[in-house]
Peer 1: 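Structure in structure tokens, see below.
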Amino acid sequence: MCGIAGYLGKKRFDTKEIKKVLDTMYRRGPDSNGFKEITYRKKFLSLFFSRLNIIDDNNRANQPFVYKDKYLIFNGEIYNHLELKSQLKNKGYNFKTQSDTEVLIKALDYWGEYGIKKLEGMWTFFFYDNTKKKGILSRDRFGEKPLFYYHKNDEFVFSSEIKTISKILN
């Protein structure tokens, strides 16, 4: 189990605020945490992540995961990641980790939104392509992994835990 959260709006988070948000997610993933801020037009896209190491416990699999100009925060498991990895290797992709996270970001890079149809598993993720200025927020078909979101005026917030949303907004 991992924790994800994101914010799109005019607010910038200082170090103390980042720590407070990540602290609310600690029990979802005590092995590592991460934060990334991306400028999006005149707004800020902030990505928060806490990790529970399961498939690849190497630091190179930590999140937010970056590939080229793409970012991913992901909670869950892609059961058919080895099959997808093989297909992507045949398309010329190389892999540095054993993680399903790396497979997911490269599947979305190659297939775009169609890549979601290829997934078997349980997940909640946010994928952002900085070149296209486009994000994808997705939850598995059966809703096994939690996803909460809030939108008002010019702010959009999402998280795998409801209490994290209130911490981001305050």
Side-chain angles (χ1 to χ4, degrees), residues 1-78 97 99-105 108 113 116 119 121-170:
M1 172 169 66
C2 298
I4 69 169
Y7 169 84
L8 178 61
K10 294 183 180 183
K11 179 179 179 179
R12 293 193 82 174
F13 293 85
D14 64 28
T15 305
K16 284 183 184 178
E17 291 170 316
I18 293 166
K19 183 178 179 340
K20 285 179 184 177
V21 171
L22 292 173
D23 284 350
T24 67
M25 300 166 58
Y26 178 80
R27 69 175 187 81
R28 296 192 65 85
D31 296 321
S32 71
N33 60 47
F35 172 80
K36 177 70 179 170
E37 181 182 82
I38 304 159
T39 303
Y40 177 82
R41 298 182 180 142
K42 293 182 180 181
K43 296 181 181 179
F44 301 100
L45 174 61
S46 300
L47 304 176
F48 302 85
F49 182 77
S50 65
R51 181 172 183 215
L52 176 65
N53 297 349
I54 297 176
I55 293 179
D56 185 340
D57 63 358
N58 194 297
N59 287 344
R60 66 180 174 241
N62 285 349
Q63 298 180 41
F65 199 92
V66 180
Y67 175 68
K68 296 181 182 177
D69 62 338
K70 295 159 181 67
Y71 301 89
L72 176 70
I73 50 176
F74 163 61
N75 171 32
E77 184 177 353
I78 306 302
T97 74
S99 72
D100 52 353
T101 304
E102 184 179 16
V103 173
L104 177 56
I105 199 168
L108 294 167
E113 290 178 45
I116 297 170
L119 303 178
M122 57 180 175
W123 68 83
T124 297
F125 70 77
F126 178 74
F127 169 81
Y128 181 69
D129 184 322
N130 200 27
T131 299
K132 294 179 181 176
K133 303 294 186 212
K134 182 178 181 181
I136 299 171
L137 181 61
S138 177
R139 186 168 89 176
D140 63 82
R141 294 163 193 89
F142 297 105
E144 289 183 68
K145 290 296 178 179
L147 177 62
F148 302 94
Y149 62 92
Y150 170 86
H151 179 253
K152 184 174 182 181
N153 300 327
D154 288 338
E155 289 186 308
F156 180 74
V157 183
F158 66 88
S159 179
S160 51
E161 288 196 3
I162 193 79
K163 69 180 180 177
T164 304
I165 289 177
S166 62
K167 188 60 71 176
I168 289 172
L169 293 171
N170 293 326

Peer 1: Would Glu77 and Lys145 count as a salt bridge (Lys or Arg N to Asp or Glu O under 4.0 Å) here? Give the steps.
Peer 2: CA-CA 10 Å; Glu77 184 177 353; Lys145 290 296 178 179; over 6 Å; no
Peer 1: What residues form a side chain to side chain donor-acceptor pair (under 3.5 Å) with Arg141, not counting sequence neighbours?
Peer 2: none
Peer 1: Working to the nearest 0.5 angstrom, can you tell me the gap between Glu161 CD and Asn75 CG?
Peer 2: 9.5 Å
Peer 1: Does atom NZ of Lys20 have more than 12 heavy-atom neighbours from other groups under 6.0 Å away?
Peer 2: no
Peer 1: Side chain to side chain donor-acceptor pair (under 3.5 Å) with Lys133: which residues, sequence neighbours excluded?
Peer 2: Asn130
Peer 1: How long is the gap from CZ on Phe127 to CG on Leu104, to the nearest 0.5 Å?
Peer 2: 8.5 Å
Peer 1: Is the shortest side-chain N to carboxylate O distance from Lys134 to Glu113 below 4.0 Å?
Peer 2: yes
Peer 1: Checking the side chain of Ser160 only, and the main-chain atoms of Pro146 only, is there a donor and an acceptor separated by less than 3.5 Å?
Peer 2: no
Peer 1: Specify the closest pair of heavy atoms between Tyr7 and Val157, including all atoms of both residues, with the distance to one decimal.
Peer 2: CD1-CG2, 3.7 Å
Peer 1: Quick one: closest heavy-atom pair of Ile168 and Lys11, and the distance?
Peer 2: O-NZ, 2.7 Å
Peer 1: Assess whether side chain to side chain contact (heavy atoms under 4.5 Å, CB included) is satisfied between Asp129 and Leu108, documenting all intermediate values.
Peer 2: CA-CA 9 Å; Asp129 184 322; Leu108 294 167; over 6 Å; no
Peer 1: Distance from His151 atom NE2 to Phe158 atom CZ, nearest 0.5 Å?
Peer 2: 13.5 Å
Peer 1: Quick one: closest heavy-atom pair of Ala5 and Thr164, and the distance?
Peer 2: CB-CG2, 3.8 Å
Peer 1: Taking all non-hydrogen atoms of both residues into account, name the closest pair between Ser166 and Lys163 and its distance.
Peer 2: OG-O, 2.8 Å
Peer 1: Quick check: closest heavy atoms across Ile4 and Phe74, and the distance to 0.1 Å?
Peer 2: CG2-N, 3.7 Å
Peer 1: Mind listing the closest non-hydrogen atom pair of Leu72 and Thr101 along with its distance?
Peer 2: CD2-O, 3.5 Å
Peer 1: Working to the nearest 0.5 angstrom, can you tell me the gap between Leu47 CG and Phe35 CZ?
Peer 2: 8.0 Å
Peer 1: What is the distance from atom CD of Glu17 to atom CZ of Arg12, rounded to the nearest 0.5 Å?
Peer 2: 11.5 Å
Peer 1: State the CZ-NZ distance between Phe65 and Lys36, to the nearest 0.5 angstrom.
Peer 2: 14.0 Å
Peer 1: Could you tell me whether the side chains of Glu102 and Tyr67 share a donor-acceptor contact shorter than 3.5 Å?
Peer 2: no
Peer 1: Show, in sequence, the C-alpha distance, side-chain angles and deciding distance for Glu155 and Leu8, and conclude whether the side chain to side chain contact (heavy atoms under 4.5 Å, CB included) test is met.
Peer 2: CA-CA 6 Å; Glu155 289 186 308; Leu8 178 61; over 6 Å; no
Peer 1: In a check of side-chain contact (heavy atoms from CB on, under 4.5 Å) between Phe125 and each of Asp140, Leu137, Leu147, Leu119, which one passes?
Peer 2: Leu119
Peer 1: For Phe126 and Tyr128, take the angle between the two ring planes, folded into 0 to 90°, and tell me which bin it lands in: parallel under 30, tilted 30 to 60, perpendicular over 60.
Peer 2: parallel
Peer 1: Centroid-to-centroid, Phe44 to Phe13, below 6.0 Å?
Peer 2: no
